[in-house]
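In what follows, a structure is listed as structure tokens, so that the remarks can point back to it.
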Amino acid sequence: MKLLIIALGFSASAIADEPNLERQKELRNMLAHDCGSCHGLTLKGGLGSSLLAKDLANKSDEFLVNTILEGRKNTAMPPWKPFMTEQETLWLVQKLLKQQ
Ligand code: HEC
């Protein structure tokens with residue numbers, strides 16, 4: 001339940017401020033290579049679960065952002081807090097939710 005208790009400093013409905021274009025490219029690369037190594041190159045799932053929009057649709061932005069920043073205990077999902085800010089993570093989540 002710790003996941004739910006951690007207060008995130010943004011509102012669920014907030015639209016993420018876009019990272020600058022160079023950083024967007026880095027984050028997209030990270031998604032393909034780092035996240036893709038577990039979640040599959042097309043993010044359909046592998047060792048990690050599917051990150052396709054249809055499979056994330058019923059989960060809240062906060063829940064997903066929190067999973068990415070903090071990782072999931074007792075699973076292979078590592079915390080990404082050292083590599084991206086909360087705002088960048090929200091941007092990434094919104095990108096995942098928009099993809100086909
Ligand atoms: C070392 C393997 C690994 C890497 C690398 C990894 N993940 Fe995961 N991820 C997992 C596993 C395993 C789960 C499922 C955890 C569980 O069973 O609850 C998961 C779960 C998730 C979830 C929750 C999905 C859901 O339906 O609740 C999200 C979102 C996610 N990962 C995003 C990412 C992102 C974004 C990256 C790259 C920045 C990433 N992951 C990199 C292994 C990984």
Side-chain angles (χ1 to χ4, degrees):
M1 283 297 101
K2 181 166 165 274
L3 283 181
L4 299 175
I5 296 164
I6 294 166
L8 296 175
F10 61 88
S11 119
S13 57
I15 304 294
D17 283 341
E18 300 237 309
N20 68 38
L21 288 179
E22 199 175 316
R23 185 62 181 151
Q24 288 188 19
K25 201 169 134 202
E26 282 169 16
L27 290 167
R28 271 198 297 266
N29 274 340
M30 205 188 276
L31 192 61
H33 299 289
D34 298 279
C35 316
S37 67
C38 283
H39 290 278
L41 207 56
T42 56
L43 302 177
K44 260 193 301 214
L47 170 64
S49 43
S50 159
L51 297 182
L52 296 182
K54 66 179 170 66
D55 297 309
L56 297 180
N58 59 352
K59 299 176 181 165
S60 75
D61 288 6
E62 275 120 322
F63 176 75
L64 296 171
V65 166
N66 204 38
T67 298
I68 296 169
L69 287 176
E70 306 292 335
R72 276 212 189 136
K73 284 216 160 57
N74 305 317
T75 76
M77 177 62 184
W80 293 90
K81 219 164 32 180
F83 307 105
M84 55 182 93
T85 66
E86 196 172 291
Q87 201 177 57
E88 289 168 349
T89 310
L90 181 58
W91 178 81
L92 209 60
V93 162
Q94 289 177 346
K95 203 170 149 24
L96 286 171
L97 290 170
K98 267 188 244 147
Q99 72 191 340
Q100 292 308 311

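Only heavy atoms go into these numbers, but all of them, side chains included; no hydrogens, no water, no symmetry mates. Index from 1, following the sequence.
Closest heavy-atom contact between Lys44 and Ser50: O-CB, 3.3 Å. When all heavy atoms are compared, the tightest approach of Val65 to Leu90 is CG2-CA, 3.8 Å. Shortest non-hydrogen contact noted between Ile68 and Met77 is CA-CE, 3.7 Å. Between Leu27 and Pro19, the shortest heavy-atom distance links the atoms CD1-CG, 3.9 Å. Annotation for Phe63 and Arg72: closest pair CZ-NH2, 3.0 Å, computed over non-hydrogen atoms.
Under 4.0 Å is where a charged nitrogen must lie from a carboxylate oxygen, and between Lys25 and Glu22 no such pair does.
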Open item on the list: Could you walk me through whether Leu92 and Met30 satisfy the side chain to side chain contact (heavy atoms under 4.5 Å, CB included) test, starting with their C-alpha distance in whole Å, then the side-chain angles of each, then the deciding distance to 0.1 Å, before giving a yes or no?
Closed with: CA-CA 10 Å; Leu92 209 60; Met30 205 188 276; over 6 Å; no

TODO: Please assess Met84 against Arg23 for the test side chain to side chain contact (heavy atoms under 4.5 Å, CB included), listing each intermediate value before the final yes or no.
DONE: CA-CA 10 Å; Met84 55 182 93; Arg23 185 62 181 151; 4.0 Å; yes

Open item on the list: Walk me through whether Trp80 and Asp34 qualify under side chain to side chain contact (heavy atoms under 4.5 Å, CB included).
Closed with: CA-CA 10 Å; Trp80 293 90; Asp34 298 279; 3.7 Å; yes

Task: Test log, rule side chain to side chain contact (heavy atoms under 4.5 Å, CB included), inputs Leu56 and Val93 - done: CA-CA 9 Å; Leu56 297 180; Val93 162; over 6 Å; no

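Atom OG1 in Thr85 sits 11.0 Å away from atom CH2 in Trp91 (nearest 0.5 Å). Here the straight-line distance linking atom CG of Asn66 with atom CG of Asp61 works out to 12.0 Å at 0.5 Å rounding. Here CG of Leu97 is found 11.0 Å from NZ of Lys59. Values are rounded to the nearest 0.5 Å. A distance of 12.0 Å separates NE2 in His33 from CZ in Arg28, rounded to the nearest 0.5 Å. Of the inter-residue distances, the one linking Thr89 atom OG1 with Glu70 atom CD reads 10.0 Å to the nearest 0.5 angstrom. With rounding to the nearest 0.5 Å, the separation of CG in Leu47 from NE2 in His39 is 8.0 Å.
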